[in-house]
Amino acid sequence: MYLPIALAIIIASTNPGRSAVPNDGVDDGPALRAAITRACATDHLLKISAGVFEISQEPGKLGGLNITGCSGLSIVGEGRNATKLRMIPRPMSRGEDYYLINIDGNSSDIEVTMLTLDGRRAEFESTNSTAEQVHLIRTYQAKRVDIHDADLINSIGAGIKAIDLNDISVNNVRFRGHGRGGFEAHSNVTDVRLVGNSFYDIADQHIAQEGGGGNSRWSIVANNHGPHGTGSRLVYDLGSGATNLALIGNTIIDGGVQGYSLDRFAFIGNIFDQSEADGGTPLYFKGGNHQGAILGNVIRSESIVNEAYALRVASLDDARDPNSLAIVGNVAMHAANTGFHLVSGLGRLTVDANVISATQDNLSSGIAVSNLLNKDQRSVVISDNSITNEDTGVVVSIGACTTCTQDAIAIGGNAVFSSKLNARGFYNETHNHFGIPYPSMCRGDGNVMDVLGTTWAKTGTVNPQPNEVEGCTLYGEAVP
């Protein structure tokens, strides 16, 4: 709460001359709008009693309750299970906007707490509305907004839509049943704290940084994300050049995270549990993600669809390559393809002390470093990882590029165990550009391989060389 306790309290249900009567099904919007105007000009506190209040859209305005140019206002109910504000549905076409609470006009120090906001999604959909911009709370050109201890439920759009906003805190809010998303930030949304919230039955992204850029200084901490509603499994859509982002201690069930062109970010201690066979990659970084740490996460992917991994870092078609990344101390379980898939133009990358295992008998590898776009790759360290039950422990492939530079790639201290037939500990698809002729995944690096198959340490089209196994501790069947 940003504001001191006000001496005077406006009780919406007992406001003389402009009463808002709960539970009578009559539009309470005009009375509450008048109460907001007075509170902004006087004591800055609107206390709303228990009951259900119906809110129509104010004629000529975007919101039902419009807070414009207000410096200091607390809207406080008697509890999320006691006070409920509901939208009044009407047929709407694409391009029309309607927000239950609209905060704009350089408003500041706004608090919303101890109530439920209900978008009445089913009733809107029954009118055959095609509008998308129908949200419970929308902020535009505002600062210092605090939303806490509330329920935001059942909008055909998002729970919160933020545009050009500085300093917002969303804490202990339950997002339920939204047709578009939970918390959406469009552009220039800075100093964001999303802490201790829960998200369930949401058809699109739970937390999204959309186009426009300028999103910076975000802390996303200790949120719980239940299974999606019908629609995307993308829980977090983060990026468009976002900077200074921390994702710490969140739990994501049957959904995934996409990071696009992030700069200065940390994903620490999260649980990503994708249990569905047709799900996607739980943790996917694409574009030029820079200066990032992915530490101590638990990542599970039971998806068996094509191109599904536990973790993927890829530049793909982006001009900026991923670099200065640390992937350390994670536990990953995956059903198909690859545990960690690291693709194209990698630089200054460390993959260390991770535990990676395949959970099904599909063709799979623990860690794959691939160069799909024929780019230089430098300063890659893959060390001290434990890799089990894979067809291949570590794969390095530089592609068909004859001019690319692959320098300072160190692979050592890894422990690889597999009981699969013809499993391979390490696989190097080409033998050039590493700075030494015919290099080996095991050359003096102290790797330990316990492989019960017969074809590990294969070198692709080049015949195995003696230094293929130099410096390795070997268990299992004979070395070719």
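Values in this document were obtained by computation on a predicted structure and should not be read as measured data.
- Arg33 is listed as a side-chain neighbour of Ser56, based on a closest heavy-atom distance under 4.5 Å.
- Atom-to-atom distance recorded for Ile252:CD1 and Phe272:CZ is 4.5 Å, nearest 0.5 angstrom.
- Nearest heavy atom pair, residue Ala310 against residue Ala332, reads CB-CB, 4.1 Å.
- The pair Asp201-Arg176 does not count as a salt bridge, with every side-chain nitrogen at least 4.0 angstrom from each carboxylate oxygen.
- With Ile75 as the partner, the side-chain contact (heavy atoms from CB on, under 4.5 Å) test is satisfied by one option alone out of Ile67, Ile110, Thr113, Thr83: Ile67.
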Please walk me through it: do Val173 and Phe183 pass side chain to side chain contact (heavy atoms under 4.5 Å, CB included)? CA-CA 11 Å; Val173 172; Phe183 181 91; over 6 Å; no
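- Inspection of the Ser216 and Thr190 side chains reveals no N or O donor paired with an N or O acceptor under 3.5 Å.
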Take Gln205 and Asp237 through the test side chain to side chain donor-acceptor pair (under 3.5 Å) and record every step on the way to the result. CA-CA 7 Å; Gln205 295 96 335; Asp237 189 4; 3.3 Å; yes
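- With Leu100 as the partner, the side-chain contact (heavy atoms from CB on, under 4.5 Å) test is satisfied by one option alone out of Ile88, Leu136, Asp118, Val134: Leu136.
- Residues meeting the salt bridge (Lys or Arg N to Asp or Glu O under 4.0 Å) test with Glu96, sequence neighbours left out: Arg90.
- When all heavy atoms of Ala358 and Ser364 are compared, the closest pair comes out as CB-OG, 3.6 Å.
- Partner Trp218 forms a side-chain contact (heavy atoms from CB on, under 4.5 Å) with one of Leu247, Leu245, Ile168 and no other, that one being Leu245.
- Screening Gln57, Arg138, Lys61 for a side chain to side chain donor-acceptor pair (under 3.5 Å) with Asn102, the sole residue that qualifies is Arg138.
- A salt bridge between Glu132 and Lys161 is absent, with no side-chain N of the basic residue lying under 4.0 Å from a carboxylate O of the acidic one.
- Between the side chains of Gln141 and Asp104, no donor-acceptor pair is found at a separation under 3.5 Å.
- Taking the six-membered ring for Trp and the full ring otherwise, the centers of His225 and Tyr236 sit less than 6.0 Å from each other.
- Distance alone, capped at 3.5 Å, places no donor-acceptor pair between the Asp24 side chain and the Pro22 backbone.
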Could you walk me through whether Asn354 and Asn330 pass side chain to side chain donor-acceptor pair (under 3.5 Å), step by step? CA-CA 5 Å; Asn354 300 283; Asn330 302 282; 3.0 Å; yes
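- Interatomic distance, CG of Leu117 versus CG of Asn154, reported as 11.5 Å (0.5 Å rounding).
- Of the candidates Glu276, Gln274, Gln360, Gln360 is the only one forming a side-chain contact (heavy atoms from CB on, under 4.5 Å) with Glu302.
- Residues Val298 and Met333 are in side-chain contact: their nearest non-hydrogen atoms beyond the backbone lie under 4.5 Å apart.
- Here the closest heavy-atom approach between residue Ala142 and residue Ile103 is recorded as CB-CG2, 4.0 Å.
- Put simply, the side chain of His206 does not reach to within 4.5 Å of the side chain of Phe175, judged on heavy atoms.
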Walk me through it: do Phe267 and Asn250 pass the test side chain to side chain contact (heavy atoms under 4.5 Å, CB included)? CA-CA 9 Å; Phe267 284 28; Asn250 302 281; over 6 Å; no
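- Between the side chains of Ser324 and Arg348, at least one donor-acceptor pair of N or O atoms lies under 3.5 Å.
- Side-chain N or O atoms of Asn215 include one that pairs as donor or acceptor with a backbone N or O of Val189 at under 3.5 Å.
- Using a 4.0 Å cut-off between a side-chain N of Lys or Arg and a carboxylate O of Asp or Glu, Lys143 and Asp167 do not qualify as a salt bridge.
- Checked by atom type and distance alone, the side chain of Asn297 never pairs as donor or acceptor with a backbone atom of Ile299 at under 3.5 Å.
- The shortest side-chain heavy-atom distance between Leu349 and Ile327 falls under the 4.5 Å cut-off.
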Run the side chain to side chain donor-acceptor pair (under 3.5 Å) check on His186 and Glu184 step by step: do they pass? CA-CA 6 Å; His186 188 266; Glu184 289 188 2; over 6 Å; no
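- Between Arg180 and Asp204, none of the side-chain N atoms (NZ, or NE/NH1/NH2) sits under 4.0 Å from a carboxylate O, so this pair counts as no salt bridge.
- Asp352 and Ser383 make their closest contact through OD1-OG, 2.7 Å (heavy atoms, listed as atom of the first residue, atom of the second, distance).
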